[in-house]
Structure formats: C-alpha cells, structure tokens
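Throughout, a chain's letter reflects where its sequence line sits, starting with A, and its residues are numbered from 1.
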2 protein chains.
Amino acid sequence: MNIGTASRQSRLPVKTIRYYEEIGLVRPLRGDNGYREFSQADLERLKFLQRSRSLGFSIEECRDLLSLYEDTNRASADVKAITCQKIQEVDRKIAELKSLKRVLLEMVEACHGDDRPDCPIMDDLSGRERTHGGKQH
Amino acid sequence: MNIGTASRQSRLPVKTIRYYEEIGLVRPLRGDNGYREFSQADLERLKFLQRSRSLGFSIEECRDLLSLYEDTNRASADVKAITCQKIQEVDRKIAELKSLKRVLLEMVEACHGDDRPDCPIMDDLSGRERTHGGKQH
DNA sequence: TCTTGACCTTCCAGTGACTGGAGACCCTAA
DNA sequence: TTAGGGTCTCCAGTCACTGGAAGGTCAAGA
C-alpha cells in the first residue's frame with residue numbers, strides 16, 4: 001500500500017511516516033516509481049508507533065519497545081519495567097502541573113480583575129511579596 | 001552588573017539571558033569592552049521572566065505580560081484573563097495525563113511481568129483487543 | 001610583568017518530533 | 001489531453017533553549 005493508505009490506517013500524518021522512515025523506525029520497500037510500499041508488517045509497526053507515542057513514550061522509548069515487540073524471546077518483565085517508569089514520569093508531571101495550578105489560582109483569587117492598574121498577579125510575577133490576608137486554603 | 005551576576009540574581013542561565021536579548025525580551029546596554037551591562041530594571045525584567053516562564057507561560061505570553069507589566073495604565077482584568085486561560089490549559093493537561101496514566105496502569109495490571117514472552121502490554125500497544133476479564137475499576 | 005583562571009564575546013549547530021512549502025514527477029479518470 | 005490528486009525530495013521553520021569552538025577581557029597572585 002502507498003503512504004496515503006498507510007497514513008489513514010495508522011492515523012499518522014504522511015509527513016510523520018516519512019520522518020519515521022528517515023530515523024529508521026520503519027523501512028518500507030520502494031516501487032519502480034519510487035513510491036514507498038508498505039507491507040502489513042510495516043503497517044503494524046506504524047500502528048504500534050501511533051499508539052505508543054500517543055501514550056507518551058518518546059521516540060527512543062518507542063524504538064526500544066519496538067525491538068521488544070519484535071523479539072519473540074522478550075521477557076514481559078522488561079516491557080512492564082519500561083511502562084512502570086513511564087507511569088512514574090506521568091505522576092511527576094501531574095504533580096508539577098497541580099502545584100502550578102495552585103499558584104495560578106492563588107494569584108487569580110487575589111486579583112480584583114477590574115479597570116484599575118494595580119494587580120496582585122503582576123506583583124507576584126515580579127517577585128514582590130504579597131500579604132496572604134485573604135482566603136486561606 | 002555583568003551577565004554572570006544577572007544570571008545568579010535572576011536564576012536564569014547565562015545562555016538563556018543572551019537568548020532573551022536576541023529575541024528582544026531584554027535590552028541591556030553595552031560597556032566599552034562589549035560586555036552587557038544590566039540595570040536594576042533589566043534585572044527586574046529577567047526575574048519577571050524567570051517566574052512567569054516557570055509558571056508555564058510561553059515566551060510570547062511572557063512578552064505580553066511584560067508589556068502589561070510596564071504599562072502603568074493596564075487593567076488588572078487583562079492580566080487576570082491571561083492567567084485564567086493558562087489555568088484552563090493546565091487543567092486540560094492534567095486531565096490528559098490522568099487518562100494516560102489510567103491506560104498505562106491498566107496495561108501494567110494485566111501484565112504478569114515475568115520471563116515469559118507473552119505480554120498484554122505489547123498486545124495493547126500493537127492495537128490487539130484485550131479481554132477485560134481482570135479487575136474492574 | 002607574567003600567568004592563570006574565571007568571565008565575557010560571537011557564531012554555528014543541535015535538540016525533539018515533527019510541520020510547511022516549493023518544485024517536480026506519477027497516476028487515473030473524464 | 002487535461003485536470004486533479006498523490007507522491008517524491010529537499011530545505012527551512014517551530015519552541016526554547018543548550019553546547020561548543022575560538023577568541024577577547026579582567027583581576028589576583030607569584
């Protein structure tokens with residue numbers, strides 16, 4: 001199948017597929033006209049990449065996962081380890097974003113938000129101390 | 001003050017400060033030796049940038065915030081609006097990561113994680129259907 | 001005075017993971 | 001024959017830095 005078909009079936013943009021070929025994640029054959037020819041196995045790889053990328057694995061992690069995927073002697077423990085690591089990463093990111101949100105919320109709650117130029121958010125951003133007189137959480 | 005001092009006081013890497021000058025976020029004077037000379041106002045800008053970047057505002061948002069920061073006639077409502085938008089963005093990201101985590105956790109829970117090559121995580125990544133026979137949440 | 005080492009300069013290239021566009025070739029149907 | 005898509009390569013841009021090379025400057029110590 002051509003790249004367009006592969007793109008629709010894998011839900012990866014054409015450009016992305018070409019890029020994946022460039023970095024060696026997939027190696028379709030070429031027809032006489034120079035067009036890429038994707039086999040069913042190529043399509044499987046693309047689908048695998050689509051799914052693992054959308055689950056937050058980096059390209060290099062995907063490369064590792066792919067080689068495990070194609071290693072029929074792999075231990076499932078190896079895959080599980082990578083996945084557990086990823087979960088911890090995701091947890092870390094969530095925590096970061098939550099504390100970020102807390103700060104932003106505090107700023108917004110302290111701001112009267114009208115036409116006056118004085119603004120506690122600005123004070124916060126500029127590093128000035130703000131008295132925590134208002135609501136406490 | 002020189003760039004090194006500005007770097008320590010703003011907690012921004014030297015390289016980053018030079019980059020910020022390149023894109024016009026800060027315009028330090030130059031001494032006879034060609035060294036950048038940061039005024040107290042420049043330092044304030046840098047600190048402002050450090051804080052707002054670390055709160056997840058993009059460079060362009062920082063540029064907007066900076067001009068509001070220096071506009072003594074600004075309305076605090078404008079600042080509040082930008083910040084509220086940012087909170088929504090953060091919320092969206094948190095939700096995404098949470099659903100990501102849910103999927104990853106399901107995968108891990110289904111995986112026996114031993115020396116055997118069969119691995120439900122791999123099945124999942126490759127798009128194969130997995131029977132939801134195990135624990136339900 | 002000389003040297004050492006820290007600090008500063010510019011410029012260029014690389015990161016990750018694509019994305020956009022130009023210009024050209026190929027294929028199919030009307 | 002023509003029109004329209006699809007495909008090709010190559011180059012450049014994105015975002016926000018980061019690293020490194022090659023060289024100029026400065027202050028302290030021998």
Side-chain angles (χ1 to χ4, degrees), chain A residues 1-39 42-43 45-66 86 89-90 93 96-97 100, chain B residues 1-39 42-43 45-66 86 89-90 93 96-97 100:
Chain A
M1 79 187 70
N2 283 346
I3 200 170
T5 313
S7 164
R8 279 183 296 276
Q9 304 223 10
S10 63
R11 282 174 302 153
L12 282 171
V14 166
K15 281 272 187 186
T16 302
I17 296 177
R18 281 200 272 257
Y19 171 69
Y20 285 172
E21 185 193 27
E22 196 188 318
I23 61 174
L25 284 180
V26 66
R27 300 181 199 282
L29 297 173
R30 294 295 178 122
D32 292 339
N33 53 12
Y35 286 18
R36 290 165 181 83
E37 285 189 353
F38 293 84
S39 67
D42 290 328
L43 184 60
R45 288 180 76 92
L46 290 177
K47 285 183 182 171
F48 186 96
L49 286 166
Q50 196 283 326
R51 178 116 174 99
S52 40
R53 285 287 301 132
S54 80
L55 286 175
F57 291 96
S58 77
I59 289 283
E60 287 318 303
E61 285 165 337
C62 288
R63 206 189 290 279
D64 294 348
L65 286 170
L66 259 182
K86 187 51 62 176
E89 245 175 73
V90 171
K93 277 188 204 164
E96 244 175 71
L97 285 174
L100 191 57
Chain B
M1 78 188 70
N2 284 346
I3 199 169
T5 312
S7 166
R8 278 183 295 278
Q9 303 222 9
S10 64
R11 282 173 301 153
L12 283 172
V14 167
K15 280 272 189 190
T16 302
I17 296 176
R18 280 200 272 258
Y19 172 69
Y20 285 174
E21 185 194 25
E22 197 187 319
I23 60 174
L25 283 180
V26 65
R27 301 181 198 278
L29 296 174
R30 293 296 178 122
D32 293 341
N33 52 13
Y35 285 19
R36 288 165 182 83
E37 285 189 352
F38 292 83
S39 65
D42 290 328
L43 185 59
R45 287 179 78 92
L46 291 176
K47 285 183 181 171
F48 185 96
L49 286 166
Q50 195 284 326
R51 180 117 174 97
S52 39
R53 284 290 299 133
S54 79
L55 286 176
F57 291 97
S58 78
I59 289 284
E60 288 316 304
E61 286 167 335
C62 287
R63 205 189 290 277
D64 293 348
L65 285 171
L66 258 182
K86 186 51 64 178
E89 246 176 72
V90 170
K93 278 189 201 162
E96 246 176 70
L97 286 173
L100 191 55

Please tabulate, one pair per line, each protein N/O and nucleotide N/O from nucleotides 1-8 of chain D that are separated by under 3.5 Å, including the distance.
unit_1	atom_1	unit_2	atom_2	d
D/dG6	N2	A/Tyr35	OH	2.7
D/dT7	OP1	A/Gly4	N	3.0
D/dT7	OP2	A/Gly4	N	3.3
D/dC8	OP1	A/Arg36	N	2.7
D/dC8	OP1	A/Arg36	NH1	2.9
D/dC8	OP2	A/Arg18	NH1	2.7
D/dC8	OP2	A/Arg36	NH1	3.0
D/dC8	O5'	A/Arg36	NH1	3.3

Can you tell whether the side chains of A/Glu96 and A/Lys93 come within less than 4.0 Å, N to carboxylate O?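 Salt bridge between A/Glu96 and A/Lys93, a charged N being under 4.0 Å from a carboxylate O: no.
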Which pair of non-hydrogen atoms, one from A/Ala6 and one from A/Leu43, has the smallest distance, and what is that distance?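 Between these two residues, the closest heavy atoms are O-CD1, 3.9 Å.
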Would you tell me if any nitrogen or oxygen in the side chain of B/Thr16 comes within less than 4.0 Å of OP1 or OP2 on D/dA16?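 Indeed not, no polar side-chain atom of B/Thr16 lies that close.
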State which residues pass side chain to side chain contact (heavy atoms under 4.5 Å, CB included) with B/Ser54; sequence neighbours excluded, sorted by chain then number.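 Testing B/Ser54 for side chain to side chain contact (heavy atoms under 4.5 Å, CB included), a comparison that skips the adjacent residues, returns B/Gln50.
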For B/Tyr19 and D/dT18, give me the distance from atom OH to atom P, rounded to whole Å.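 My rounded result for the distance is 11 Å.
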Return the value, rounded to whole Å, for the distance between atom CD1 of B/Ile23 and atom P of D/dC17.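 One finds 8 Å between P of D/dC17 and CD1 of B/Ile23, rounded.
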Enumerate the residue pairs fulfilling side-chain hydrogen bond (donor to acceptor under 3.5 Å, both in side chains) with a member in residues 1-12 of chain A, sequence neighbours excluded, ordered by first and then second residue.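 Qualifying pairs: none.
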Sorted by first residue and then second, give each side-chain hydrogen bond (donor to acceptor under 3.5 Å, both in side chains) pair with at least one member in residues 19-29 of chain B; sequence neighbours left out.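 Matches after skipping sequence neighbours: B/Glu21-B/Arg30, B/Glu21-B/Arg36.
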List the residues meeting ring pair (Phe, Tyr, Trp, His ring centres under 6.0 Å) with A/Phe48, not counting sequence neighbours, and say none if there are none.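 Scan of A/Phe48 (ring pair (Phe, Tyr, Trp, His ring centres under 6.0 Å), adjacent residues dropped) gives A/Tyr69.
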Could you tell me the boundaries of the chain B footprint on DNA chain C, defined by atoms under 4.0 Å from its heavy atoms?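 The footprint of chain B covers C/dC7 to C/dC11.
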B/Lys86 side chain vs B/Gly56 backbone, donor-acceptor pair below 3.5 Å: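 Yes, B/Lys86 side chain to B/Gly56 backbone: donor-acceptor pair under 3.5 Å.
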Please check if the side chain of A/Asp64 supplies one atom and the backbone of A/Glu61 the other of a donor-acceptor pair under 3.5 Å.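 No; judged by distance alone, with no hydrogens or angles, the pair does not exist.
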